[in-house]
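Structure record follows, encoded as structure tokens.
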Amino acid sequence: MTNVKTVSETKRAFYSHHLKPINSVYRRVVEELMVEMHLLSVNADFKHDPIYYLGVVSSFERLMQGYQPETDKVSIFNALCRAVDQEPDLYRAQAEKLLSVAESKSPDELIAWLSNPEGEESLVAPISAIATNEKFKYSRPFAIGLYTLLEKADLELLKDKEKSNQVFETLAENLHLPGEKMTKDLDLYRGNLDKMEQLLKVMADMLEASRKQREKRAQEKEEQEAVKQETTEQKTTEQETTEKEATES
């Protein structure tokens, strides 16, 4: 029998690559993505493809917005990929190539291209195989990858939920995907993006309030120091006057 890697082993592998603790606000995002990547990596029917790569990269970047220190994000992403025995540079490279395709296409052109891709073989071969693979393993990152592609092609389209749902229904039909599940996954993703946006706003407000409080304390301290200095100078002047008067008398 082949020993299948466990979630615990993947988590240990992650923390062997990223040695710092995860900021508590973002820990759930990291762990959920880690577990999702792990479960897919040990699934016999799962095959990596550029849309999946894009989904992992984009969901990580969007849901990790505001992470501090910013430089730790690279280490965290690299550790996520290496924990499931993947190369992070491959994820980023494939994601960028796919986004460059979407950038030059309208939504209709993008839908047509996904159904019959042309161009670079590293993109074309795995995407062409999706619709014909009866055992294709759909995943939430794959749906997010499609969402990100459409977002790149036409951001305004995604703001109209009815129209965007029609587009995803078409994609689901063309690529033989579970349309209802994909819609639910994307609704959850949109909801998480909204929550993250609200969280970032709250954090920004808290930081601003903290900054103002620090400035207020600093100003009060300066005023207290000024009063103290003035009092000291006044006492010194009074003492000098008293001593002078005593000497003269």
Side-chain angles (χ1 to χ4, degrees), residues 2 4-5 10 32-62 77-78 80-154 157-158 164-189:
T2 301
V4 177
K5 193 174 184 179
T10 293
E32 284 186 354
L33 185 55
M34 187 194 313
V35 170
E36 195 160 31
M37 292 171 72
H38 165 82
L39 294 176
L40 289 168
S41 71
V42 298
N43 188 295
D45 293 330
F46 176 71
K47 304 292 182 185
H48 294 88
D49 64 75
I51 300 174
Y52 167 79
Y53 291 139
L54 176 59
V56 171
V57 171
S58 56
S59 61
F60 177 85
E61 291 297 335
R62 295 287 292 275
F77 181 79
N78 290 350
L80 279 171
C81 295
R82 288 175 179 143
V84 292
D85 305 315
Q86 291 287 301
E87 284 300 319
D89 288 346
L90 175 63
Y91 279 66
R92 295 191 185 97
Q94 291 284 287
E96 288 177 8
K97 288 178 182 178
L98 200 52
L99 282 177
S100 68
V101 170
E103 195 171 23
S104 60
K105 298 184 183 300
S106 68
D108 287 341
E109 290 171 338
L110 181 61
I111 292 171
W113 184 85
L114 288 168
S115 301
N116 186 25
E118 296 178 349
E120 187 174 330
E121 186 63 17
S122 66
L123 297 180
V124 170
I127 293 175
S128 296
I130 292 171
T132 58
N133 182 3
E134 294 181 357
K135 292 185 177 181
F136 174 73
K137 179 61 179 176
Y138 163 84
S139 66
R140 187 178 66 95
F142 182 89
I144 294 172
L146 290 177
Y147 181 93
T148 306
L149 284 174
L150 283 168
E151 187 177 46
K152 191 70 171 179
D154 187 352
L157 172 68
L158 293 182
S164 62
N165 282 344
Q166 290 175 355
V167 170
F168 288 118
E169 285 176 10
T170 300
L171 283 171
E173 184 177 347
N174 291 354
L175 300 177
H176 303 153
L177 304 173
E180 187 175 343
K181 179 168 177 52
M182 186 164 69
T183 298
K184 289 180 179 179
D185 284 342
L186 291 177
D187 283 344
L188 178 61
Y189 178 60

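The figures here come from the full heavy-atom set of this structure, side chains too, leaving out hydrogens, waters and symmetry mates.
- Closest non-hydrogen pair, Gly179 versus Ala172, comes out as CA-CB, 3.7 Å.
- Thr183 OG1 to Asn165 CG: the interatomic distance, rounded to the nearest 0.5 Å, is 5.5 Å.
- Atom-to-atom distance recorded for Ser164:OG and Leu186:CG is 8.5 Å, nearest 0.5 angstrom.
- Scanning both residues, Val124 and Pro117, for their nearest heavy atoms gives CG1-O, 3.7 Å.
- With sequence neighbours excluded, the residues that form a salt bridge (charged side-chain N to carboxylate O under 4.0 Å, His left out) with Lys5 are Asp85.
- Qualifying side-chain contact (heavy atoms from CB on, under 4.5 Å) partners for Glu61, counting only residues two or more places apart in sequence or in other chains: Val57, Lys73.
- Note that CG of Leu80 is 5.5 Å distant from CE of Met37, once rounded to the nearest 0.5 Å.
- Partners of Glu36 according to the salt bridge (charged side-chain N to carboxylate O under 4.0 Å, His left out) rule, which considers only residues two or more places apart in sequence or in another chain, are Arg140.
- The two atoms that bring Val56 and Pro141 nearest to each other are CG2-CB, 4.0 Å, heavy atoms only.
- For Lys184 and Asp187, the salt-bridge test fails: no basic side-chain N is under 4.0 Å from an acidic carboxylate O.
- Partners of Leu157 according to the side-chain contact (heavy atoms from CB on, under 4.5 Å) rule, which considers only residues two or more places apart in sequence or in another chain, are Pro107, Leu150, Asp154, Lys163, Val167.
- Scanning all heavy atoms of the two residues, the minimum distance from Lys152 to Ala102 falls at CB-CB, 4.1 Å.
- Residue pairs meeting the salt bridge (Lys or Arg N to Asp or Glu O under 4.0 Å) criterion with at least one member in residues 111-129, sequence neighbours excluded, are Lys97-Glu120.
- Among residues at least two apart or in separate chains, side-chain hydrogen bond (donor to acceptor under 3.5 Å, both in side chains) pairs with a member in residues 169-182 are Ser115-Asn174.
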Between Met182 and Leu146, is the side-chain contact (heavy atoms from CB on, under 4.5 Å) condition met? List the steps. CA-CA 10 Å; Met182 186 164 69; Leu146 290 177; 3.8 Å; yes
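- Under the ring pair (Phe, Tyr, Trp, His ring centres under 6.0 Å) criterion, Tyr52 pairs with Phe46, His48, not counting sequence neighbours.
- By the side chain to side chain donor-acceptor pair (under 3.5 Å) test, Thr10 pairs with His38, sequence neighbours left out.
- Between atom CG of residue Leu171 and atom CD1 of residue Ile111 there is a gap of 5.0 Å, rounded to the nearest 0.5 Å.
- In this view, Phe60 and Phe77 satisfy the ring pair (Phe, Tyr, Trp, His ring centres under 6.0 Å) rule, not counting sequence neighbours.
- Under the salt bridge (charged side-chain N to carboxylate O under 4.0 Å, His left out) criterion, Glu32 pairs with Arg28, sequence neighbours left out.
- For the side chain to side chain donor-acceptor pair (under 3.5 Å) test, residues two or more places apart in sequence or in another chain that qualify with Tyr138 are Asp185.
- Smallest separation of non-hydrogen atoms from Ala153 and Ser106: CB-C, 4.4 Å.
- Residues Ile127 and Trp113 have side chains in contact (heavy-atom distance under 4.5 Å, counting atoms from C-beta outward).
- Separating the CG atom in Asp49 from the CD1 atom in Ile130 is a distance of 4.5 Å, to the nearest 0.5 Å.
- For the salt bridge (charged side-chain N to carboxylate O under 4.0 Å, His left out) test, no residue two or more places apart in sequence or in another chain qualifies with Asp45.
- Ring geometry for Phe136 versus Phe142: interplanar angle over 60°, hence perpendicular rather than tilted (30 to 60°).
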